[in-house]
Amino acid sequence: MSPLRWIILLAGLAFVALAPTQMKNYGVYLTTLWCVYLIAGMGLNLTVGYAGQISLGQAAFLGIGAYTAAIMSKAGVPYLAIFPAAAALCFVVGLLLGFPALRVQHHYLAFATLGFNMLVFLVLRNEEWLTGGTFGINNIPRPTLFGWRFNRPLDFYHLTFAVLVLTGVLMAFLLRSPWGRAFAALRDNPIRAESVGINTTFYTLMAFAIGAAYAGIAGALFAPLVQFVEPAPFGFATSLSMLLMVIAGGSGRFFGPALGSVVVVLLPEWLRFAADWYLAVFGFLIVAMMIWLPGGLLSLPERVRR
Amino acid sequence: MTDFLQLVIAGTATGGCYALAALGFTLLWQASGTINFALGEMVMLPAFMMLFFMSVLGLPLPLAFLATLALSLLVMGYGFKRVVVDPLIRHDVITLVIATLGLSIGVRQAVKGVASAQVFTFPSVFSDTLLTIGGVRVSAGDIGTVVVACTIVLALQAFLNRTVTGRAMQAVAQNRDAATVLGIKVERMVLYAFLINAALAAVSALLITPVYLAKFDMGDTLGLKAFYAAIIGGFNNSRGALLGGVLVGVLENLVGTYISPGYKEGVALVLFMVVIVFRPQGLLGTVEERKV
Amino acid sequence: MMHRRTALKLGAALATIGLPAGAAESEVAIHNNVELSGTGVTSGSMWKMGVDLAVKEINAAGGILGRKIAITHQDNQSQPQIAKAVATKAADAEPYVMLGPIFSGDVNVSMAVAENAEIPMIMGGEAANLTQQGMKYLFRTSLNQASAMPKLANYLAKNGVKSMVVVWGANDFGKGGRDAMVKEMAARNIKLAADISTEPGQMDFSPVVVNASKANADALFSYMNEEESARFLIALKKLGYDKPVYGETVLVSQKVIELAGPAANGAKGHVGLSVDAPNPKVQEFGRKFMQAYNTSSDHNGIKGYTAVYLVKAATEKLGKFDRKAMAAAIHGGSFSAAQYPGLLMDESYDDKGDLDRESYLVEIKDGKQVITEVLPPVGKK
Amino acid sequence: MTALLEVRDVHKAYGAIRAVDGVSFSVTAGEILGVIGPNGSGKTTLFNSILGQVKPSAGQVYFEGADVTGMGALPLSRRGIGRTFQSLQVFGRLSVRDNLIAAGQEFSGSAAGRLFARPDAGLGGRAEEIIALFRIGHVAHLPAGSLSYGQQKLVDIAMAFMASPRLVLLDEPCAGVNPALIDELTELLLRLNREHGGTFVVIEHNMDFVMRLCTRVICMAQGKVLAEGPPEAVQSNRAVLEAYLGV
């Protein structure tokens with residue numbers, strides 16, 4: 001990266017870190033939510049944008065992470081153990097979801113992942129003994145880490161932001177490593193990849209599992225943020241928003257989800273005056289964007305230059 | 001046993017509606033490789049068009065249906081092809097998937113904006129009499145739905161196999177280049193597929209809305225079930241859509257009754273998962289070569 | 001909260017993450033957190049219309065203690081976590097009172113926000129557990145399930161129902177009602193012949209009807225939200241279910257009658273609030289509502305309407321705008337409809353925020369609610 | 001010296017059609033074997049049978065003495081068989097340099113090791129060598145998908161050499177390539193053969209190219225080997241002429 005980009009990145013990070021100190025509770029809540037979605041979006045960007053798999057099931061992993069955090073923290077497990085547990089559980093489930101991807105592609109995979117999302121949703125709703133069913137789980141405590149209680153909205157925001165930066169750095173590291181190149185090779189041409197020794201089975205599974213683990217971490221932050229979990233936020237609609245987040249920003253671009261999650265999470269708030277019509281316009285804009293700018297918002301400069 | 005038969009009949013009626021929507025889906029896929037995620041909205045939209053013609057213009061149901069059919073052909077047939085699919089079909093499948101997902105959000109929210117998020121009643125084309133056949137109670141509406149759905153599927157099958165146009169459409173579905181060489185007007189055949197899809201959606205709206213009630217998000221579950229039905233039956237086979245639709249409709253009722261109502265919605269999904277693992281081409285489908 | 005002044009400066013730059021414009025000194029801000037989309041849209045729209053009607057009337061008559069009401073509605077999409085976010089946002093703007101939500105699940109999650117901000121919250125939820133958690137700022141606008149169900153169960157037992165099928169929607173509301181009803185049934189030796197859950201937003205009810213018929217019970221009790229209730233009634237009719245069908249409030253509500261059409265005929269139920277109640281004030285409200293919106297109000301319309309009038313009544317009784325004092329005043333307070341006509345009926349609140357008043361047993365005949373019996377308030381028994 | 005690749009009586013039938021009908025041949029290290037034959041003579045099916053893309057109906061394929069019959073693309077590549085495809089197969093959104101590194105990075109170390117390896121997986125030097133050899137330095141930083149057809153073809157072939165394979169199978173390398181580039185390609189392959197000990201099997205229609213490049217040629221027709229021998233001998237073989245001209 002050029003020095004200019006570093007400066008822009010650091011300035012952006014400083015802005016995101018400090019802006020909520022000037023906001024009221026709701027503003028802090030929204031910004032925190034944006035960070036949470038962004039973490040899940042980064043994971044999905046790995047699966048969809050870098051490794052070229054299509055997934056309509058990211059919200060299910062967010063849900064698994066959130067319920068893991070809710071159930072464990074209610075049982076008194078410290079958050080220091082909850083974050084890795086949520087990530088690990090989602091990693092394993094993501095690995096399982098990767099198996100259909102080895103057999104089917106494209107639209108079949110879209111439906112398979114979508115179906116997985118529905119299945120998780122049904123389990124969350126029907127298995128009341130574990131998940132509280134439709135009543136959900138209320139009064140989830142905010143985390144305490146290293147003796148520090150993140151109870152106030154702003155404190156919790158800073159924790160979330162720290163996790164966001166950490167996961168972002170890890171993702172950048174992963175993408176710069178040979179793994180990142182293997183994921184891209186898998187996306188661009190899986191058959192060629194096999195013939196040059198790239199184990200596409202392994203990398204497909206990893207793309208799903210790591211992407212899922214990111215959603216798991218996001219979920220483990222979602223639960224204490226809202227302090228309440230129930231099945232609805234982890235339905236297909238959220239998976240769809242997340243996919244839109246990745247695509248709208250620019251799939252396979254590191255900062256794509258950051259921009260995309262602004263569009264999906266924050267823009268509706270700013271466009272509140274348009275009420276229902278906002279989402280209608282949003283939907284049609286997606287169609288228009290796929291027609292004229294399939295590379296997402298971040299591909300705009302290249303399009304203009306060309 | 002009576003319960004069982006009653007469930008099967010009711011399930012077949014619901015499945016028939018899934019099948020009609022699924023049929024449109026497979027036709028589009030065969031003709032142009034279009035994956036349409038806005039399928040459910042294409043059933044919801046005609047329902048609201050009919051409501052508009054009936055309540056605002058005061059037309060009786062049959063006239064309202066004809067007007068809706070014409071409008072559907074124009075907007076969801078021709079318009080959908082020209083405005084959305086034609087510019088996108090060059091790109092990969094994912095682009096089209098995302099675009100039609102966007103379209104479904106747009107259409108749904110626009111209807112919500114115009115007609116509010118309220119639920120509306122919808123008159124049935126069939127009388128609400130109840131027939132008792134050998135102790136099994138069956139509603140005239142269910143029988144009517146099954147008859148209409150089966151007639152349409154069979155008629156379409158006959159059209160595709162027996163008429164020149166139908167065969168030309170099949171030729172396009174099997175091999176575009178060869179069809180072109182044979183002098184078939186490929187683009188026109190593809191357009192026919194879109195028009196038939198729109199008409200099928202309008203008919204399923206007519207059949208299913210009296211039971212489901214008209215609501216802006218009614219296409220949500222319907223669209224999904226239709227996809228699953230299409231894949232279960234076989235993506236590239238018209239009769240497969242009927243089989244898949246009925247299978248899903250009937251099994252949902254049976255699972256909902258005898259196993260667990262909570263997991264009724266998961267039936268289509270589990271069937272689908274089983275099918276893609278053991279028979280990815282669907283129950284009646286044929287294998288498509290994986291392209292390098 | 002500490003940085004409000006700086007927030008003003010930076011707020012503009014951030015195009016912030018909006019707060020509704022603060023109410024002017026001559027106005028009193030009321031925030032309505034309501035289900036205007038999602039599964040609760042039917043209830044939410046009715047509630048909102050009732051609220052709007054009351055606000056219009058009160059403002060036309062000079063407001064509360066000379067201050068006009070500035071009402072803000074915000075859609076919570078019938079989703080608890082959004083309802084909570086909406087409540088958080090509302091609490092930031094520090095309104096005088098918060099109205100809504102109507103769905104018990106939404107109330108359950110947002111009530112802590114009102115409690116922490118010490119803002120009275122007048123809601124439409126009916127689940128029994130809401131008021132059992134010792135909230136100081138939470139008030140109902142209708143009877144809760146725990147007090148409604150005994151009334152209905154008594155009636156059923158009296159009419160010789162020995163076994164009953166219970167069909168309920170799988171959400172807080174439906175599950176809460178089901179649990180309350182099953183408890184009352186057990187107390188009266190009514191057998192639970194079948195216990196059937198349905199999905200929120202379920203379309204196809206045929207399996208439910210078949211299951212219910214199979215149970216061969218004396219009666220069926222249905223406890224779901226409006227749309228599902230209507231679809232269920234249609235399916236019952238379609239498959240020829242011939243046992244009496246009972247409900248509580250929703251099943252026999254105006255919206256369900258409208259949606260289910262002739263299929264609703266014959267359904268019976270207990271209603272806390274009905275525009276057809278033999279009470280001139282309620283009927284007068286029904287006419288005004290019909291005139292304003294060209295549709296008949298259901299119980300949620302009445303709930304919304306009386307919620308606003310409760311604010312007016314409590315404030316005027318107090319003689320000043322003071323959230324804490326107002327909340328304290330409603331607890332254990334009684335408000336008579338003679339003194340405050342907008343309340344429509346006499347209301348008395350206990351120390352938990354539950355209210356008590358008379359209620360009715362109705363049957364749907366020819367698409368209309370017909371009151372068959374008036375039940376006095378529990379407290380007057 | 002034992003054969004590097006040995007194909008023993010391979011058959012492949014699709015229903016009644018015998019696409020490959022008992023083909024045997026072997027390739028020793030340092031050879032450039034050409035496979036020619038008219039369209040539909042079974043060359044590509046033979047290739048696919050060797051490379052595990054289709055499973056032979058009968059017969060065996062041995063590589064360095066080990067039975068590799070029916071093995072998939074991945075294990076074959078790991079054993080040291082490189083290949084190119086008839087159509088262009090590059091990683092379109094990766095730069096040319098990354099294409100090359102991607103084609104070599106999986107051959108050493110463990111998966112976990114690669115996660116923590118340097119971004120270029122220690123292959124930066126090797127990639128530069130190949131880039132210089134193929135003279136594609138001026139486009140090395142560009143996305144491979146943005147290059148001209150000929151340039152992509154070079155990248156495609158270069159990728160097959162990245163991991164120093166012991167055998168490379170080239171499927172119609174000259175298809176769609178201009179004459180100047182064909183000359184360059186011929187020279188390049190000969191140099192790889194001479195200086196780096198490269199062993200190739202080449203399917204090709206361009207006779208001129210085959211004549212200049214190959215040390216030995218097999219001509220196939222109707223799934224069988226019609227003739228085998230030095231290029232000139234095969235070219236002048238009567239049966240071969242008949243097969244081509246349909247005399």
Side-chain angles (χ1 to χ4, degrees), chain A residues 1-2 45-46 48-52 91 95 102-103 169-207 209-210 213 250-254 256 294-296 298-299 302-303 305-306, chain D residues 51-53 72-85 87-95 97-123 127 143-146 155-156 158-163 165 168-169 171:
Chain A
M1 280 207 306
S2 65
N45 195 23
L46 177 74
V48 175
Y50 287 97
F91 184 89
L95 213 55
L102 300 175
R103 290 190 60 97
V169 167
L170 283 176
M171 180 61 76
F173 174 80
L174 173 71
L175 291 172
R176 268 174 62 82
S177 81
W179 280 38
R181 196 180 293 106
F183 285 132
L186 168 66
R187 167 195 68 200
D188 283 357
N189 195 330
I191 290 171
R192 182 55 161 160
E194 281 272 317
S195 79
V196 292
I198 295 173
N199 188 339
T200 52
T201 303
F202 173 78
Y203 284 108
T204 305
L205 293 179
M206 280 301 136
I210 297 172
S251 79
R253 288 163 193 273
F254 190 76
L298 285 178
S299 72
E302 291 161 34
R303 272 299 285 262
R305 239 177 282 143
R306 216 176 283 165
Chain D
L51 288 163
Q53 286 206 305
L74 187 66
L76 288 177
S77 70
R78 291 284 170 81
R79 279 167 182 266
I81 301 181
R83 72 166 298 187
T84 69
F85 294 77
S87 55
L88 277 181
Q89 305 283 343
V90 294
F91 304 125
R93 279 170 74 179
L94 286 180
S95 73
R97 188 175 282 112
D98 277 329
N99 263 275
L100 293 174
I101 295 174
Q105 69 176 28
E106 303 288 318
F107 291 93
S108 59
S110 64
R114 280 192 286 282
L115 182 57
F116 298 100
R118 295 213 328 254
D120 68 1
L123 288 170
S146 70
V155 175
D156 196 351
M159 279 161 73
F161 289 95
M162 197 48 207
V168 179
L169 283 77
D171 195 351

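Below, all heavy atoms of this structure are taken into account, side chains as well, without hydrogens, waters or symmetry copies. In what follows, chains are A, B, ... by sequence order, proteins preceding strands, each numbered from 1. Quantities reported herein were computed from a predicted structural model and do not represent experimental measurements.
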Atom pair [atom1] ([X]) and [atom2] ([Y]), whose distance is rounded to the nearest 0.5 Å:
X	Y	atom1	atom2	value
Phe202(A)	Glu106(D)	CZ	CD	8.5 Å
Glu194(A)	Leu76(D)	CD	CG	10.5 Å
Asp120(D)	Arg181(A)	CG	CZ	7.0 Å
Arg192(A)	Ser87(D)	CZ	OG	10.0 Å

Quick check for you: among Thr201(A), Ile198(A), Thr200(A), Leu174(A), which has the greatest number of heavy-atom pairs under 4.5 Å with chain D?
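Greatest number of close heavy-atom pairs with chain D: Ile198(A).
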
Among the options Ala193(A), Ser177(A), Gly197(A), pick out the one with the most heavy-atom pairs lying under 4.5 Å from chain D.
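Looking at each of Ala193(A), Ser177(A), Gly197(A) in turn, Gly197(A) comes out on top.
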
Given the options Leu51(D), Ile81(D), Asp156(D), which has more heavy-atom pairs under 4.5 Å with chain A than any of the others?
Asp156(D)

Of Ala144(D), Ala102(D), Pro119(D), the largest count of non-hydrogen pairs under 4.5 angstrom with chain A goes to Pro119(D)

Go through the steps to decide whether Asp188(A) and Arg93(D) satisfy the test salt bridge (charged side-chain N to carboxylate O under 4.0 Å, His left out), and finish with yes or no.
CA-CA 7 Å; Asp188(A) 283 357; Arg93(D) 279 170 74 179; 5.2 Å; no

Distance-only, no hydrogens or angles: does the Gln105(D) side chain make a donor-acceptor pair with backbone N or O of Pro178(A) under 3.5 Å?
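Present.
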
Could you look at Ala163(D) and say if it's the side chain, the backbone, both or neither that has a heavy atom under 4.5 Å from chain A?
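It is neither, since no heavy atom gets under 4.5 Å.
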
Kindly check if the number of other-residue, nucleotide or ligand heavy atoms within 6.0 Å of CZ (Arg118(D)) is above 12?
no

Compare all side-chain heavy atoms of Phe173(A) with those of Phe116(D) and state whether any distance is below 4.5 angstrom.
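A side-chain contact under 4.5 Å exists here.
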
